[in-house]
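Comments concern the structure below.
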Amino acid sequence: MELVEAIKERRSINFFEPGREVSNGKLKELIELANLSPSSFNLQPWRVVIVNTLRRKAALRKCAFDQPKVEEASAVLIMIADPDGVELNSGRVLDSWEELGYMKPDMRETYVGMMKNLYGEVDSLKRKFFAVKNTSLFAMNIMFAAKGIGLETHPMDGFDEEAIKKEFNIPDDKIIPMLIAVGILKSDITLLPRAFRRDVGEFISFEAY
Ligand SMILES: Cc1cc2nc3c(=O)[nH]c(=O)nc-3n(C[C@H](O)[C@H](O)[C@H](O)COP(=O)(O)O)c2cc1C
């Protein structure tokens with residue numbers, strides 16, 4: 001599917017075909033495509049918990065205000081933003097830059113300093129923004145990649161973050177920007193037309209705010 005077509009056709013699907021499985025291989029393919037997302041300094045500060053068994057989807061539904069699509073979708077992805085992404089991944093990012101010739105070895109410390117300066121201490125608000133911003137871009141790519149491989153999605157922030165962390169053993173310092181339901185559109189459903197979008201003239205300006 002062409003990208004423009006995928007953008008035009010992506011919808012948040014409320015009605016998934018219950019009982020339709022999407023293989024672990026296909027889910028991995030989806031995540032691998034989205035993993036090509038851009039990220040700040042290429043730091044990729046995300047994790048994903050894939051929930052695709054009936055028992056665990058039922059548990060997740062309880063944490064997500066009883067939204068039926070959590071159980072009806074083939075899988076639900078718990079998108080996790082990791083403020084620790086700088087410490088975890090910067091070494092490998094810089095190794096790769098060095099190996100590939102993006103960066104001379106003597107620039108390494110300069111880059112480490114820039115990251116620390118831009119993204120602050122691990123428990124700071126700056127760092128949380130960094131993690132959520134990048135994980136949200138990754139999440140959007142999951143939704144477009146899904147269209148490209150014949151899957152539908154639905155992003156959700158209607159959930160109790162603390163309850164999900166407890167149920168799925170997610171450490172306290174992580175942030176869950178959204179869940180993404182993934183699956184196949186229910187066969188007898190016709191979607192309502194896409195709802196209102198603001199006219200872009202309302203929010204764009206040239207040169208200054
Ligand atoms: C971050 C985010 C959280 C959302 N949370 C929910 C949710 O919890 N439940 C729900 O039914 N829809 C949720 N939505 C879906 C929006 O309502 C939907 O994207 C919007 O109405 C536009 O519809 P469309 O995606 O089909 O174009 C969410 C969307 C986003 C981007």
Side-chain angles (χ1 to χ4, degrees), residues 1-18 20 22 30-31 33-35 37-40 44-52 56-83 125 128-168 170 174-204:
M1 181 183 274
E2 291 293 329
L3 180 59
V4 173
E5 202 183 336
I7 291 172
K8 287 184 175 163
E9 290 192 6
R10 182 216 56 81
R11 297 288 303 279
S12 296
I13 300 302
N14 263 312
F15 305 99
F16 290 93
E17 193 69 67
R20 242 335 247 285
V22 172
L30 171 65
I31 308 283
L33 283 168
N35 202 35
S37 296
S39 61
S40 311
Q44 309 160 57
W46 48 69
R47 284 189 64 118
V48 183
V49 174
I50 301 174
V51 184
N52 64 347
R56 297 305 283 149
K57 284 190 292 181
L60 183 56
R61 178 174 173 171
K62 284 192 189 138
C63 307
F65 307 144
D66 200 31
Q67 297 190 65
K69 54 185 164 275
V70 174
E71 232 172 324
E72 289 166 3
S74 308
V76 182
L77 312 180
I78 305 177
M79 302 302 301
I80 300 166
D82 190 357
L125 190 58
K128 291 186 170 74
F129 279 136
F130 151 82
V132 169
K133 170 167 59 181
N134 286 291
T135 305
S136 300
L137 292 172
F138 174 53
M140 189 70 247
N141 269 355
I142 288 180
M143 291 184 261
F144 288 137
K147 281 304 291 182
I149 61 170
L151 298 170
E152 303 292 345
T153 55
H154 196 127
M156 285 167 271
D157 54 17
F159 58 83
D160 177 340
E161 183 163 359
E162 293 315 309
I164 293 184
K165 282 183 178 172
K166 199 162 166 222
E167 183 67 41
F168 292 87
I170 299 166
K174 312 303 173 210
I175 303 157
I176 306 175
M178 73 191 81
L179 308 177
I180 304 179
V182 180
I184 312 289
L185 177 65
K186 202 163 189 269
S187 55
D188 54 356
I189 291 292
T190 309
L191 294 181
L192 293 172
R194 195 193 279 282
F196 149 84
R197 285 300 196 265
R198 289 191 295 156
D199 188 302
V200 299
E202 205 185 293
F203 57 83
I204 62 170

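Order of listing sets the numbers, starting from 1, for every ligand and every atom in it.
When each atom of ligand 1 is checked for a heavy atom of Arg11 under 4.0 Å away, the hits are 26 (O).
Atom 9 (N) of ligand 1 has as its closest protein heavy atom Gln67 OE1, 3.0 Å. With respect to atom 11 (O) of ligand 1, the closest heavy atom belonging to the protein is Lys69 NZ, 3.0 Å. The shortest contact between atom 2 (C) of ligand 1 and any protein heavy atom is with Asp157 OD2, 4.0 Å. For atom 18 (C) of ligand 1, the closest non-hydrogen atom on the protein side is Ser12 OG, 3.5 Å. The closest protein non-hydrogen atom to atom 8 (O) of ligand 1 is Gly158 N, 2.9 Å.
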Acceptor/donor pairs from residues 1-11 side chains to any protein atom, 3.5 angstrom cut, sequence neighbours excluded:
unit_1, atom_1, unit_2, atom_2, d
Arg11, NH1, Leu192, O, 3.1
Arg11, NH2, Leu192, O, 3.0

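Using a 4.0 Å threshold on non-hydrogen atoms, atom 21 (O) of ligand 1 does not count as touching the protein.
Using a 4.0 angstrom heavy-atom cutoff, Arg197 counts as in contact with ligand 1.
Side-chain atoms of Ser74 do not come within 3.5 Å of backbone N or O of Asn52 as any donor-acceptor pair. A donor-acceptor pair is defined here as one N or O able to donate and one able to accept, closer than 3.5 Å; such a pair exists between the side chain of Asn134 and the backbone of Ser40.
Between Ala64 and Leu179 the shortest heavy-atom distance is CB-CD1, 4.1 Å.
Screening Lys186, Arg20, Lys147, Lys69 against Glu152 for a salt bridge (charged side-chain N to carboxylate O under 4.0 Å, His left out) leaves a single residue, Lys147. Among Leu30, Ile180, Leu151, Val182, the single residue meeting the side-chain contact (heavy atoms from CB on, under 4.5 Å) criterion with Met143 is Ile180.
Classification of Glu161 and Lys165 as a salt-bridged pair holds, one side-chain N sitting under 4.0 Å from a carboxylate O.
The option from Pro155, Ala181, Ala195, Pro177 that lies nearest to atom 14 (N) of ligand 1, judged by heavy atoms, is Pro155. Of the listed options Met178, Arg194, His154, His154 places a heavy atom closest to atom 12 (N) of ligand 1.
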